[in-house]
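First the structure, in the form of structure tokens, and then the observations on it.
The model shown is predicted, which means the values in this text are computed figures rather than measured ones. Atoms within each ligand, like the ligands themselves, are counted from 1 in listed order.
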Amino acid sequence: MSASGSGAPNNNSGESSSSKKPFPSVDLQGNDLPPSPAPSSPHAGRRYNMATELVYTEGSDQYNASSVPIYQSATFKQTSGAGGGEYDYTRSGNPTRTHLERHLAKIMSAQRALVVSSGMAALDVITRLLRPGDEVVTGDDLYGGSHRLLKFLSTSGGIIVHHVDTTRPEKVVEVLSKKTAMVLLETPTNPLIKIVDIAKIAAAAHEANPSCLVCVDNTMMSPLLLNPLELGADVVYESGTKYLSGHHDVMAGVIACNDLALGERLYFPINTSGCGLSPFDSWLLMRGVKTLKVRMDQQQSNAQRIAEFLESHGFKVRYPGLRSHPQYELHNSMARGAGAVLSFETGDVNISERIVESAKIFAISVSFGCVNSLISMPCRMSHASIDAKTRAERDFPEDLIRLCIGIEDVDDLIDDLRRALVQAGAVNMTLDGFSASNAGSA
Ligand SMILES: Cc1ncc(COP(=O)(O)O)c(C=O)c1O
Ligand SMILES: N[C@@H](CCSC[C@H](N)C(=O)O)C(=O)O
């Protein structure tokens with residue numbers, strides 16, 4: 001295994017940090033630390049098209065294993081009493097994790113990637129950069145868990161959080177100031193599929209405060225479809241539990257950035273708290289990433305057909321692959337695809353519940369980005385951590401159904417939905433077929 005991965009090795013190498021390491025070891029405030037774990041060099045960059053880069057890897061272990069093994073070891077023997085080993089302890093770094101981090105840095109066009117135990121752990125690590133009194137500007141449609149963490153920080157951590165409509169950059173500008181330490185964006189938003197102009201907001205945030213960190217949650221897109229770092233973001237993070245792994249068999253989070261000193265500051269809480277991704281989960285995520293393109297191609301084309309099917313029967317469908325999406329142009333100017341998550345309203349919470357319960361192929365489940373299709377009611381499931389009053393203030397439709405499309409045969413999926421819609425009484429049967437029966441539809 002090459003020593004040149006990110007995350008990692010030995011705190012006690014005995015060598016001076018300047019002799020070996022290209023960037024300093026720092027704590028959260030950027031203060032120098034003793035010789036510390038640090039990657040010895042950034043990755044060489046992307047050379048091929050994404051489908052190739054996802055599969056093609058450089059470096060392996062000393063046996064040139066095609067699949068870098070699971071180094072299931074908590075600790076590593078040292079060559080001398082002064083240390084000297086490439087790795088010392090898996091909380092600080094592990095060869096399987098390093099291999100994955102270097103691979104992800106390459107496909108995310110980042111200088112550094114870090115992998116942690118979940119998407120929420122990734123956001124938690126990022127928010128450790130904040131100090132009491134700092135201000136955060138973020139959206140009013142946000143994954144429920146992110147909302148919960150920000151609420152916790154504002155009630156217990158002295159952080160001031162502004163939730164605004166990030167689809168309107170002028171609303172963001174209204175609350176930006178020199179105190180804005182972080183802007184946190186999601187696009188498309190989960191679950192209302194609103195689109196945010198990353199470049200415009202990043203430029204405004206940096207103008208208001210040059211040291212403001214613009215962080216983008218890229219979970220709904222994955223690196224295949226969107227690269228926020230190329231649009232002016234400072235940090236991109238995502239839940240590896242979703243598209244990157246793709247099989248709902250691993251929880252993971254990824255953080256990536258181009259500023260190597262910032263990467264070190266982000267590494268500090270990972271090593272300190274021990275939320276780095278385990279060797280086995282790193283191996284699973286590495287395996288999943290290799291099939292991202294084939295999975296996403298199939299998931300997206302299925303999602304497009306299903307969105308069109310629902311829209312053609314009169315439902316108000318939120319999906320950025322539909323020309324009717326109010327921000328279709330903006331989304332497609334930033335992204336290379338619409339993803340595989342869509343939502344629609346029925347006009348009646350009870351009907352929505354019946355649809356969810358009548359579907360057979362679609363599993364009733366939170367999460368998305370997986371090979372199998374899922375159906376859920378966000379207000380009761382993924383976004384239940386946002387209280388009912390806040391949901392109402394933000395016009396969050398209680399009858400919203402979210403569909404997360406997998407790789408199954410699309411005709412089977414459409415048949416399953418059609419049957420569920422009929423069974424739930426969501427559609428009026430006519431001689432020509434059926435159409436949505438309720439007020440919430442388009
Ligand atoms: C948009 C978004 N960001 C972050 C997360 C958090 O990821 P994880 O569940 O891996 O902690 C989720 C889902 O959980 C999500 O939907
Ligand atoms: N009970 C969980 C809910 C996880 S939601 C997972 C995913 N982000 C989604 O949008 O479906 C919690 O409280 O966090």
Side-chain angles (χ1 to χ4, degrees), residues 100 104 114-127 138-153 163 166 184-196 198 215-223 225-226 228 233 235-256 270 273 275-278 281-282 284-285 288-289 299 318 320 335 339-343 356 362-370 372-387 390-391 396 400-406:
L100 170 66
L104 287 170
L114 298 152
V115 290
V116 291
S117 56
S118 71
M120 287 319 303
L123 182 57
D124 183 60
V125 163
I126 292 166
T127 56
T138 191
D140 58 4
D141 182 36
L142 214 54
Y143 163 55
S146 307
H147 173 91
R148 178 173 52 199
L149 176 57
L150 292 173
K151 190 161 184 197
F152 171 73
L153 289 174
H163 288 277
T166 42
L184 210 60
L185 304 173
E186 219 182 84
T187 187
T189 60
N190 172 15
L192 296 180
I193 321 289
K194 293 181 184 173
I195 310 301
V196 173
I198 298 173
C215 306
V216 178
D217 181 336
N218 201 33
T219 308
M220 291 279 276
M221 290 277 92
S222 89
L225 302 184
L226 182 67
V235 179
V236 58
Y237 71 100
E238 66 186 77
S239 166
T241 318
K242 313 294 190 313
Y243 292 110
L244 284 176
S245 56
H247 294 74
H248 284 161
D249 49 13
V250 60
M251 297 289 306
V254 182
I255 309 170
I270 297 172
S273 71
C275 66
L277 197 62
S278 74
D281 288 342
S282 297
L284 277 174
L285 187 54
V289 165
Q299 285 176 264
R318 300 163 189 258
V341 179
L342 57 106
S343 53
V356 166
F362 286 85
I364 307 175
S365 174
V366 292
S367 204
F368 56 88
C370 175
N372 63 298
S373 295
L374 311 175
I375 189 166
S376 65
M377 288 183 70
C379 67
R380 299 194 181 158
M381 299 170 72
S382 51
H383 291 69
S385 54
I386 305 175
D387 61 77
T390 307
R391 289 202 305 267
F396 192 112
L400 193 77
I401 294 180
R402 192 183 70 182
L403 298 179
C404 305
I405 311 301

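- Within the 4.0 Å heavy-atom shell around ligand 2 one does not find M120.
- Scanning the protein heavy atoms around atom 8 (N) of ligand 2, the nearest turns out to be Y143 CE1, 3.0 Å.
- Contacts with ligand 2 closer than 4.0 Å are made by side-chain heavy atoms of K242 only, the backbone lying farther away.
- Put simply, the side chain of T138 gets close to the backbone of L184: a donor and an acceptor are under 3.5 Å apart.
- Residue-ligand proximity, S382 to ligand 2, at heavy-atom distances under 4.0 Å covers atoms 5 (S), 9 (C), 10 (O), 11 (O).
- Under a 4.0 angstrom heavy-atom cut-off, S367 registers as being in contact with ligand 2.
- Ring geometry, H163 versus H147: the interplanar angle falls from 30° to 60°, so the pair is classed tilted.
- Scanning both residues, M221 and G339, for their nearest heavy atoms gives CE-N, 3.8 Å.
- Across all non-hydrogen atoms, the minimal contact from V196 to T166 is CG2-OG1, 3.5 Å.
- In terms of modelled atom types and a separation under 3.5 Å, the side chain of S245 and the main chain of G288 share no donor-acceptor contact.
- Polar contact with ligand 2: absent for H383 (N/O pair, distance under 3.5 Å).
- The closest donor-acceptor contact from the side chain of D281 to the backbone of S117 lies at 3.5 Å or more, if one exists at all.
- Protein heavy atoms are absent from the space less than 4.0 angstrom from atom 1 (N) of ligand 2.
- Screening residues 377-387 for salt bridge (Lys or Arg N to Asp or Glu O under 4.0 Å), with sequence neighbours left out, gives K151-D387, E353-R380.
- For the pair L104 and V289, the tightest heavy-atom approach, listed with the atom from each and the gap, is CD2-CG2, 4.0 Å.
- Looking from atom 14 (O) of ligand 2 to the surrounding protein, the closest heavy atom is R148 NH2, 2.7 Å.
- Closest non-hydrogen pair, P378 versus L400, comes out as CD-O, 3.2 Å.
- A donor-acceptor pair under 3.5 Å links the side-chain atoms of T189 to the main chain of K194, judged by distance alone.
- The shortest heavy-atom distance from R402 to ligand 2 is under 4.0 Å.
- Side-chain atoms of S385 come within 3.5 Å of backbone N or O of G144 as a donor-acceptor pair.
- Distance check for atom 12 (C) of ligand 2: a protein heavy atom is found below 4.0 Å.
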Write out each pair where an N or O from ligand 1 and one from the protein are under 3.5 Å apart, with the distance.
residue  : atom   : partner : partner atom : Å
ligand 1 : 3 (N)  : D217    : OD2          : 2.6
ligand 1 : 3 (N)  : T219    : OG1          : 3.4
ligand 1 : 7 (O)  : S239    : OG           : 3.1
ligand 1 : 10 (O) : G119    : N            : 2.9
ligand 1 : 10 (O) : S239    : OG           : 2.7
ligand 1 : 10 (O) : T241    : OG1          : 2.6
ligand 1 : 11 (O) : G119    : N            : 3.1
ligand 1 : 11 (O) : M120    : N            : 2.9
ligand 1 : 14 (O) : Y143    : OH           : 3.3
ligand 1 : 14 (O) : K242    : NZ           : 3.0
ligand 1 : 16 (O) : N190    : ND2          : 2.9

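- Looking at N190 against ligand 2, only its side chain comes within 4.0 Å, counting heavy atoms.
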